[in-house]
Amino acid sequence: MKKILLTLLLLTTAFCAKGQTAHESVKSPDGRMEATFLLLDGCPHYQLTRDGKPVVALSQMGFLLEWRDDLAHAFVLKEVQRSNFDEVWHPVLGEEANISNHYNEMLITLEQPVGSIESMDHSTETRPTVMQIRFRLYDDGLGFRYEFPMRYNGIDNALVCFWFKEELTQFVMTGDHTAWWIPGDYDTQEYNYTESRLSQIDSLWEKSHEHGGWPWTDFSRTGVQTALQMRTDDGLYINIHEAATLDYPTMHLNLDPKTFTFRAWLCPDAAGYKGRMQAPCHTPWRTIMVCDKATDALRSRLILNLNDPCALDDVSWIHPVKYMGVWWEMISGKSTWNYTNDFPSVKLNPEPGNSQSSILNSQFTDFAHAKPNGTHGANNANVRRYIDFAARHGFDALLIEGWNIGWEDWYGKQKDFVFDFLTPYPDFDLPALNKYAHEKGIRLIMHHESSASTVNYERWMEKAYNLMNQYGYDAVKSGYVGTIIPFAEGHYSQPINNHYHYAIVEAAKHHIMVNAHEAVRPTGLYRTWPNMIGNESAMGTEFRERIHPGHTTILPFTRLQGGPMDYTPGIFEPDMGKIVPWGKKMQHTICNQLGLYVTFYSPLQMAADFPEHYEPYLDAFQFIKDVAVDWDTSIYLYAEPGDYIVTARKPKVSSLNKAAEGVGELPDGKKNVISNASRYVYAIPDTVSIFNFQFSIPKDTWYIGGITDENAREFAIKLDFLQPGKTYDAIIYADAADASGLPGDDYNPQAYTITKKKVTSKTTLKLRMAPCGGFAVSIRER
Ligand code: NOJ
Ligand code: CA
């Protein structure tokens, strides 16, 4: 270790010109962590220790800029400001009702004095360059960001509009840690995780791409994405990520395997720039979470705490959503998004609905007279079937994909004008289906697949959101499949990150909640914009049999650190060969799928399978019906990335009520509906209406979920979080003794047992999970 530090010190000193040397430290509130800023011969660095031991060794900071000298040398320390902060805040939706935000802060102001550096516009000859670095140290990690004031001490900053060629921030690891990583990529995050030593990343690079998403745009054989979860040989859990990424490119990491040094690798824009800045401005937070236990990493709120408080005054329209979808039919191959097979290519009318359009009308594809292909999933009768099922089982909403014209050639064609997001296919009666759904207490969820043409989506967005408002849709699933338009942009460059944010902000104006797929992985922005109700932004259930066992035990450590995931669980028929001849076996049991509703946090949770796949297993389906999706308290009982997670959660009653009542405020009338999760928490029988619900008192309720990888496991779960002296009824959904989700001779994914038991705070439950299995328990006070 000492050797690495010394070599680094020598290297950095060689790189730096003679200049000022200084160091300033800040400690975490519990005193265990210490972050030190070091100016070494004018070059900025930092390091991080826990209990006196290095976690991040001496690491470089700064930037390379276009048209002027870098922001990495010739600095002098101007000022150090220290402060602390301690608050408890309450997320609109979340894993817990009260979040503690307690940190010590150190703001470093650095200056490159006049004459110390050069710039092509000569601005540095008359004005100093000012860069600040803000450190926030929590008990569970460090956040730091770079800030660029417009003026400092009454003098204008030489930095006004400036472009980054490279961010130089390093994260020097102290050894060959174990890491759970996906390859760095400018366009997709849809990969299985690889578990390896840092030194093995290079040799596993090809393999890490197997069964992944598309398109790939790699930049290095040792490039990885964040959130990156690591474990040291001493058992420390280190996680590198970023928080509040706004108007800035996404940060990946590039490893130098010889020194275990990661360097920030930003996703460039089409011109190759890695951030176009205008002072006053700042970068996102670079975060290093450090925990003694894996369960503490799941408990950490570091990323959320580093985001700004809620930007919306009125959040009354935001509510949790449990939904079904006309979706798995298309993913599995049973039906299609497109309505007809008549057209090899589609040209849409830029003036939808106007058949007299002056713009070469005759060239537009005429769906009204097209021959239906007979496989279109989003047809009136099928949608009604799903509405009936979802309503009967107390869901809040139904997603329908393939409702709008254009799906005949939406994929891989790089079409700019690919959808209008307004015009339904002839067999999808949008007004009538919404009316039918609302009468049954179901909202329809809109679908906007942009096909990665962000320019086209922005063109139609206002009209598309207005249409949603007109018919009472309050949530949209958007998608960004394929090559980004404008061409040569990647999915995570600054301009495209700005597009995703624009979609959220505009949606909020229309009281619309957004669930974006293939958009950039979240960085905690849902604290500020709680209408970001979900994201996919990782390999989700749509990858079917390509998902490795254990994948879902890693995601809560990585992808979910930034925000909830629309993983779309609930597949009860995992043998896809029963749906289409080319289908293969998915690697999970039914109980594993049940466990996901608790181990994965998402206030938007899907029951993704077909109604006919739930019908034979309605006793197990009951757990999906009963489970809540927004929480008062979460307890992470057991966890190890790649192996298992066991979580217990208590529902948040206020948002549960909101979800139940949310469907009541529709343009076409108020309905007497109550979601099934509310029924469960209030112990209200199926036959009773919303009026009884309003006068009922919620019961103390908990849900426990467990998931495992390919290995069977058993856990003893102490129910000491229940209220002493109270008696509870528990319903335990467990893998049967002969269950297995691992394809092979023993494949038996649908075998489970359901046991009812009286329990108290003194009870310990012994629960076993089959290979690729899991369990779920609902517990309600008598
Ligand atoms: C990819 C999304 O992740 C998936 O959920 C969706 O069905 C397809 N794109 C089509 O939009
Ligand atoms: Ca996807």
Side-chain angles (χ1 to χ4, degrees), residues 182 185 187-192 211-216 225 321 323-339 375-378 383 386 397-413 415 418-421 425 428 444-454 456-457 464 475-484 491-492 500 503 514-522 533-547 551-552 555 559-560 563-571 576 579 600 602 604-610:
I182 54 174
D185 198 303
D187 278 300
T188 183
Q189 306 141 127
E190 298 184 332
Y191 288 111
N192 275 297
H211 313 303
W214 174 88
W216 299 0
Q225 304 198 29
V321 182
Y323 75 105
M324 296 189 68
V326 181
W327 176 72
W328 193 239
E329 295 200 2
M330 287 79 96
I331 296 291
S332 63
K334 181 187 172 202
S335 55
T336 59
W337 282 274
N338 55 305
Y339 165 78
T375 57
H376 181 223
V383 172
Y386 274 81
L398 179 75
L399 164 76
I400 302 132
E401 296 199 3
W403 67 276
N404 56 327
I405 56 172
W407 287 89
E408 285 66 23
D409 67 350
W410 74 284
Y411 181 76
K413 305 288 194 302
K415 281 176 69 176
V418 52
F419 290 113
D420 67 17
F421 312 101
Y425 277 126
F428 185 86
L444 300 189
I445 298 182
M446 178 48 85
H447 185 227
H448 293 163
E449 173 54 67
S450 70
S451 200
S453 177
T454 62
N456 185 54
Y457 192 18
V476 61
K477 169 178 169 182
S478 55
Y480 295 89
V481 171
T483 303
I484 292 280
H491 272 69
Y492 322 123
Y500 305 132
V514 180
N515 166 27
H517 280 218
E518 297 87 35
V520 65
R521 84 280 187 277
I533 192 162
N535 270 120
E536 185 194 46
S537 305
M539 179 182 274
T541 302
E542 64 171 336
F543 280 79
R544 307 187 296 282
E545 76 281 351
R546 290 148 75 184
I547 301 169
H551 182 60
T552 50
L555 286 167
R559 159 66 185 77
L560 275 85
M565 175 165 181
D566 184 30
Y567 184 74
T568 64
I571 302 305
M576 306 309 287
I579 305 170
F600 268 49
S602 182
L604 172 91
Q605 220 28 306
M606 188 178 201
D609 213 334
F610 310 156

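Remember, it's 1-based here, ligands and their atoms both numbered in the order they're listed. Atom set for the values below is all heavy atoms of this structure, side chains included, hydrogens, waters and symmetry mates excluded. These numbers were taken from a predicted model, which means no experiment stands behind them.
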Original post:
By number and element, which atoms of ligand 1 are closer than 4.0 Å to a non-hydrogen atom of Val481?
Top reply: 1 (C), 9 (N)
Subject >> Enumerated ligand 1 atoms positioned under 4.0 Å from heavy atoms of Trp327 >> reply: 4 (C), 5 (O), 6 (C), 7 (O)
**OP:** Consider only side-chain N and O atoms of Asp566 and Tyr323, and report whether a donor and an acceptor are under 3.5 Å apart.
**Re:** yes
Original post:
Between the main-chain N or O of Ser453 and the side-chain N or O of Ser451, is there a donor-acceptor pair closer than 3.5 Å?
Top reply: no
Original post:
What pair of heavy atoms forms the shortest contact from Ser450 to Phe421, and how long is it?
Top reply: CA-CZ, 4.0 Å
Original post:
Heavy-atom distance to atom 2 (C) of ligand 1: which of His447, Glu536, Glu518 wins?
Top reply: Glu518
Original post:
Which of the numbered atoms in ligand 1 are below 4.0 angstrom from a heavy atom of Lys477?
Top reply: 4 (C), 5 (O), 6 (C), 7 (O)
Original post:
Is there a donor in the side chain of Gln189 and an acceptor in the side chain of Tyr492, or the other way round, less than 3.5 Å apart?
Top reply: yes
Original post:
Under a heavy-atom criterion of less than 4.0 Å, does Trp407 contact ligand 1?
Top reply: yes
Subject >> With sequence neighbours excluded, residues passing side chain to side chain contact (heavy atoms under 4.5 Å, CB included) with Ser602 >> reply: Pro564, Leu604, Gln605
Original post:
How far is atom 11 (O) of ligand 1 from its nearest protein heavy atom, and which residue and atom is that?
Top reply: Glu449 OE1, 2.6 Å
Subject >> Met330 near ligand 1 by a heavy-atom separation under 4.0 Å >> reply: no
Original post:
Hey, which atoms in ligand 1 end up nearer than 4.0 Å to a heavy atom of His517?
Top reply: 2 (C), 3 (O), 5 (O)
Subject >> Option among Trp410, Trp407, Phe419, Trp327 that satisfies the ring-ring contact (aromatic ring centres under 6.0 Å, His included) test with His447 >> reply: Trp407
Original post:
Considering only the protein, which heavy-atom contact is closest to atom 6 (C) of ligand 1, and what is its distance?
Top reply: Glu401 OE1, 3.4 Å
Original post:
Between the side chains of Asn192 and His211, is a donor N or O closer than 3.5 angstrom to an acceptor N or O?
Top reply: no
Subject >> His491 to Glu518 - nearest heavy-atom pair and separation >> reply: CD2-O, 3.3 Å
**OP:** Give the residue and atom name of whichever protein heavy atom lies nearest to atom 4 (C) of ligand 1, and the separation in Å to one decimal.
**Re:** Glu542 OE1, 3.5 Å
Original post:
With a 4.0 Å cut-off, would you call Lys477 and Glu536 a salt bridge?
Top reply: no
Subject >> Arg546 versus Gly212, closest heavy-atom pair with distance >> reply: NH2-O, 3.0 Å
Subject >> Environment of the Ca ion (ligand 2) in terms of protein N/O/S atoms, cut-off under 3.0 Å >> reply: Glu190 OE2, Glu518 OE2, Glu536 OE1, Glu536 OE2, Glu542 OE2
Original post:
Does any N or O in the side chain of Thr188 come within less than 3.5 Å of the main-chain N or O of Pro215, such that one atom is a donor and the other an acceptor?
Top reply: no
